[in-house]
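One structure below.
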Amino acid sequence: MDDQYELYCLADPLFYDTLDGRRGNHPDFSLTAREVPDGWGHQATDTWMHYAPLANRTPAQGWKIHVSACLEDAERVTEAVWDYCVPRDISFKFLRSRSVMTMLNSKAAPRGSSGKLVTIYPLDDDQLELTLKELDELLRGVEGPYILSDLRYGEGPLFLRYGGFSARHCLGENGEQVLAIEDGEGRLVPDVRGPAFSLPSWMTLPAFLEPHLAARNAVTTNGLPYTIESVIQFSNGGGVYLGRDTRTDEQVVLKEARPHAGLDAAGRDSVTRLAHERDMLERLAGLDSVPDLLDYFTLGDHHFLVQEFIDGNPLQRLLVRKYPLTRANCDQETLAEYTSWVLDMLPEVRRAVESLHERGVVFGDLHPSNILISGEGRLVLIDYEVATLAADHARAALGHPAFSPPPGRQGVDIDAYALACLCLGLFAPQLTIMLPLDRAKAVQLAGLITETFPVAPGVIDEAVRTIIGADPVTARLTPRLDRDNWPQVREAMCRAILASATPEREDRLFPGDVAQFQPGGSVNFAYGAAGVLYALDAAGAPRLPEYEDWLRRHALAPDPGTGIGFYDGLHGVAYVLDLLGHRQDAIDTVDLCLREKWDSLELGLFGGLAGVGLNLLHLGGTTSEATFTDLAFQIVDICADRLGGPDDVPEISGGANPRAGLMYGSAGPALLFLRAYEQTGDTALLDRAAVALRQDLRRCSSSEDGTLQVTQGWRTLPYLDEGSVGIALILARYLTHRDDEGFRTALSACRLVTQGRYFVQSGLFTGRAGMVATLGTGLGPAPNDPDIDLAEQIRGLGWHALPYGGGLAFPGNQLFRLSMDFATGTAGVLFAMSTALRERPVFLPFTEPPGGAGALSTALPAHESAERLRSYESLKEV
């Protein structure tokens, strides 16, 4: 589970939300209630409490001190730092609660930054040295996790690294905005924060720190009877490595555990769990389904378990390779072959689990990544760190969310629940994550599975009975998802969105993705109020004056750090305000954007120059502000200059490389060039659009089913945001102006992805709704029967549909919580269905056909606008 999402799951059972001490059963540290000292400023975020003296100007960068601690020492440490820093006018911050501290030091937390409880900002090297010496004495005896990105000071909980104190940004090697510091010549360069201490190349380590660096470098693996050959995986708790026993030359697996790191819900660290795993492997020795325990040792403070190497594949990898519904050429024969494979696999897994039960052990963490299948067909269960004794009737404190039972299940019932989820999950991968949102969803999933796969209903029904258990559940009916039922479906989604609204809150209007809690996220197009209001308008829903006023107010007084991009910032907000008739507010919002350093943005559509330029072109037309149009063409020139040639991008998208696709790749600038061409007729802009599209196609690869998808090396992406279907939208637009055989071939292969019958998520940017929106524009893979594919994709949204507020809602990214936003949630699904089913044409911003389809609400006949205003209150009441 992504720790970022897990943190935002703690406050509310249905929506991602913040832990700010006011919501949920997760109180802040008592220190957060202490009165802010006179002459000090204070800022609270969802994770940190910041304090700084107003009289001192904190440098933009320098050496920062980090203090780590175990949970039991956290209050003592934060109070000691407060009492030290306040009299000395030293800025500092600390994590706001025990729950936040646990999540940011969990097994899934980022390895480099994990372990930080307090950050202190000395003004110079002299204050740095004195503060370290004095705090080292004050905090003697405190233990905490090692902060991997830092240099440790002495043997205590103090660590330090050189980096930025304030948020400044520059373009990273992948062409995207990253945090920055100044180098020796005053240029902004990336502030690298990796899982190992490093000193900027222009810096010299202060002399008093040299002994501490020498102590760090003194620990090596020399002398061990094992060599490390490769990394299998890293986690915040340690690592798993493929190694070799130098005495026998046999391959082995080494599992590493870092002390005080990788906490679970019970507060146990990875060392405690690794020692527990050793004990469990000893108890289970000799079972064919359990790897042999070979050794256990410590190196420095780290613990290592050595076990038998199983030469095989995780069941998860086999599932990805074999699952038929993601392929465009899936047929009944393929479905039957896959079903047979699943029905052969399930009894084998059950037998392996039952062999543990015969030894009195509950596995506790059954999921496809913990099941290995060797080349000879041996099935082995791995990872016993949360296993329990059946006699204890206990529950694991760590587990995969798609296979973790509700609170009432204990002992062997935990494994029975996971086996039932595995049965559903092999036919509907990952979707059992949604069951905590509505346990009755299991019944609907069962129906969809038996409709799709040739599996006997009895097999699935047994799994559903186990999942539901003794507690009765009532399935709440959701409207049928199809063209004939569109008015009812539209009303149901609108009702759910309105039921979720919280206009009394300042930090959000509609619940959405966790990104809405970043600066500006509550108002922006992708995750905030602007996108939701846009989708409602596109669907023909009643106008919402109260919520429009909320957006206007927050747009004109944005939070510090709010971006200015189209989907992630104020330009997208201005677009929506203009659409809704608040033209002066839109102009004023753009004026705020023009005060920022917009020319340093990346090139993409989501948050970069392409989105800004497209919005300025648009507003230049709607407002007749020539300044906007002139500036838009300046941005066109900048993008053209910075684009490079067709081969000036790597063949792999993402990671350290620039991303491909509509939102983050070169397709965004291509759209800008095309829109500029449509205004000017300058064919040089068509040439630049062609170059941009070739850059994105360079990062695509052909699959066995004939689809063309963006490749990230380890996976391929079909999605709207950084996948091939987003590129298809722009290819199609280019081909309306200039024929290109290569582009026509690529377009056919890209749009084939809309024939896939299964998507793990439902959202617009990274899920099935993006396919619906693409088909709604007429880009279906089979021009002679596009309605067949469209109807299939709309019905497929039923895999994710959930009841909420008397209506219909959809989960956001990761599927842990419902979302109402445009990029990930219900508003995006509503918009996608509107593109396909509304009588009036609806398109993503700037993608309407050349010549334009007209505005939505602002171009409505007067009587329709009046009717929508009158129906607002009645819909709210419903």
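Taking CG of Leu151 as the reference point, atom CG of Leu158 lies at 11.0 Å (rounded to 0.5 Å). To the nearest 0.5 Å, atom CG of residue Leu135 and atom CG of residue Leu130 are 9.0 Å apart. To the nearest 0.5 Å, atom CG of residue Asp365 and atom NE2 of residue His400 are 8.5 Å apart. Rounding to the nearest 0.5 angstrom, the gap separating the CZ atom in Arg34 from the CD atom in Glu79 is 5.5 Å. Remark: Tyr146 OH to Arg216 CZ distance equals 5.5 Å, nearest 0.5 Å. To the nearest 0.5 angstrom, Thr18 atom OG1 is 11.0 Å from Leu10 atom CG.
Annotation for Glu173: atom CD does not count as buried by contact number, only 12 or fewer foreign heavy atoms lying within 6.0 Å. The local environment of CD in Glu35 is sparse, with at most 12 non-hydrogen atoms from other residues, nucleotides or ligands closer than 6.0 Å.
Put simply, the side chain of Asn56 never gets that close to the backbone of Thr58: no donor and acceptor are under 3.5 Å apart. Arg817 contributes no side-chain N or O that, together with a main-chain N or O of Gly812, makes up a donor-acceptor pair within less than 3.5 Å. In this structure, Arg152 contributes its side chain and Glu155 its backbone to a donor-acceptor pair below 3.5 Å. Between the side chain of Thr45 and the backbone N or O of Thr47, at least one donor-acceptor pair lies under 3.5 Å. For Ser270 (side chain) and Ala261 (main-chain N/O), a donor-acceptor pair under 3.5 Å exists by modelled atom type. In this structure a side-chain-to-backbone donor-acceptor pair under 3.5 Å is present from Gln516 to Phe510. Checked by atom type and distance alone, the side chain of Asn657 pairs as donor or acceptor with a backbone atom of Ile652 at under 3.5 Å. A donor-acceptor pair is defined here as one N or O able to donate and one able to accept, closer than 3.5 Å; such a pair exists between the side chain of Gln177 and the backbone of Ser600.
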Next on the checklist: Phe606 vs Glu722, test: side chain to side chain contact (heavy atoms under 4.5 Å, CB included). Steps then yes/no.
Outcome noted: CA-CA 10 Å; Phe606 188 86; Glu722 52 182 311; over 6 Å; no
Item to check | Verdict with supporting geometry, Arg161 and Asp191, salt bridge (charged side-chain N to carboxylate O under 4.0 Å, His left out) | outcome: CA-CA 11 Å; Arg161 68 175 289 269; Asp191 185 2; 2.9 Å; yes
Next on the checklist: Go through it in stages, so that I can follow the logic: the residues are Arg659 and Glu176, the test is salt bridge (charged side-chain N to carboxylate O under 4.0 Å, His left out), and I'd like the CA-CA distance, side-chain angles, deciding distance and then a yes or no.
Outcome noted: CA-CA 9 Å; Arg659 287 187 277 180; Glu176 298 180 17; 2.7 Å; yes
Next on the checklist: If you apply the rule salt bridge (charged side-chain N to carboxylate O under 4.0 Å, His left out), what do you find for Glu602 with Arg642, and how did you get there?
Outcome noted: CA-CA 10 Å; Glu602 59 204 65; Arg642 284 170 47 182; over 6 Å; no
Checklist entry - What do the steps show when you test Arg88 against Gln127 for side-chain hydrogen bond (donor to acceptor under 3.5 Å, both in side chains), and what is the final call? => result CA-CA 10 Å; Arg88 294 166 177 81; Gln127 191 173 71; over 6 Å; no
Next on the checklist: Using the rule given for side chain to side chain contact (heavy atoms under 4.5 Å, CB included), can you reason through Tyr16 versus Gln814, listing the C-alpha separation, both sets of side-chain angles and the distance that settles it, and then say yes or no?
Outcome noted: CA-CA 11 Å; Tyr16 296 122; Gln814 306 292 319; 3.8 Å; yes
Checklist entry - Given the rule in the side chain to side chain contact (heavy atoms under 4.5 Å, CB included) test, do His302 and Val271 qualify, once you have shown the distances and angles that lead to the verdict? => result CA-CA 8 Å; His302 292 213; Val271 167; over 6 Å; no
Next on the checklist: Could you walk me through whether Asp383 and Glu385 satisfy the side chain to side chain contact (heavy atoms under 4.5 Å, CB included) test, starting with their C-alpha distance in whole Å, then the side-chain angles of each, then the deciding distance to 0.1 Å, before giving a yes or no?
Outcome noted: CA-CA 6 Å; Asp383 202 350; Glu385 62 182 37; 3.3 Å; yes
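Between Phe517 and Tyr8, the ring planes lie parallel to each other; the angle is under 30°, not in the 30° to 60° tilted range. Between Phe297 and Phe304, the ring-plane angle classifies as parallel under the 30° and 60° cut-offs. Classification of the Phe525-Tyr567 ring pair by plane angle, with boundaries at 30° and 60°, yields perpendicular.
Scanning both residues, Val612 and Gly565, for their nearest heavy atoms gives CG2-CA, 4.3 Å. Nearest heavy atoms, Thr32 versus Phe94: CG2-CE1, 3.9 Å. Closest heavy-atom contact between Ser500 and Phe15: CB-CZ, 4.0 Å. When all heavy atoms are compared, the tightest approach of Pro110 to Asn236 is O-OD1, 4.0 Å. Of all non-hydrogen atoms in Pro503 and Leu509, the two that sit nearest each other are CA-CD1, 3.7 Å. Across Ala69 and Met101, no two heavy atoms sit closer than the pair O-CE, 3.1 Å.
Of the N and O atoms on the side chains of Asp559 and Thr562, not one donor lies less than 3.5 Å from an acceptor on the other residue. There is a side-chain donor-acceptor pair under 3.5 Å between Asn105 and Ser114. When only modelled atom types and interatomic distance are considered, Tyr5 and Asp513 share a side-chain donor-acceptor pair under 3.5 Å. A side-chain donor from one of Glu256 and Tyr241 sits under 3.5 Å from a side-chain acceptor of the other.
Tested against Pro53, the residues Asp38, Ile90, Asp89 include a single side-chain contact (heavy atoms from CB on, under 4.5 Å) partner, Asp89. In summary, of the residues considered (Tyr153, Tyr121, Tyr162, Phe159), a ring pair (Phe, Tyr, Trp, His ring centres under 6.0 Å) with Trp63 occurs for Tyr162 alone. Partner of Asp264 under the salt bridge (Lys or Arg N to Asp or Glu O under 4.0 Å) criterion, out of Lys107, Arg395, Arg273: Arg273 alone.
A search for ring-ring contact (aromatic ring centres under 6.0 Å, His included) contacts involving Tyr84 returns nothing, not counting sequence neighbours. Here Asn813 pairs with Gln761, Thr766 under the side chain to side chain donor-acceptor pair (under 3.5 Å) rule; sequence neighbours left out. With sequence neighbours left out, His554 forms a ring-ring contact (aromatic ring centres under 6.0 Å, His included) with Trp550. Under the ring-ring contact (aromatic ring centres under 6.0 Å, His included) criterion, His42 pairs with Tyr51, sequence neighbours left out. Under the rule for a side chain to side chain donor-acceptor pair (under 3.5 Å), His212 has no partner lying at least two apart in sequence or in another chain.
In this structure, Arg111 satisfies the cation-pi test against Phe234, with its NZ or CZ atom closer than 6.0 Å to the six-membered ring centre and inside 45 degrees of the ring normal.
Residue pairs meeting the salt bridge (Lys or Arg N to Asp or Glu O under 4.0 Å) criterion with at least one partner in residues 54-76, sequence neighbours excluded, do not occur; the list is empty.
Under the 4.5 Å side-chain criterion, counting only non-hydrogen atoms from C-beta, Ile65 is in contact with Pro122. In this structure, Val178 and Arg193 have side chains that are not in contact, with every pair of non-hydrogen atoms separated by 4.5 Å or more.
A salt bridge links Glu182 to Arg168: at least one charged side-chain nitrogen sits closer than 4.0 Å to a carboxylate oxygen.
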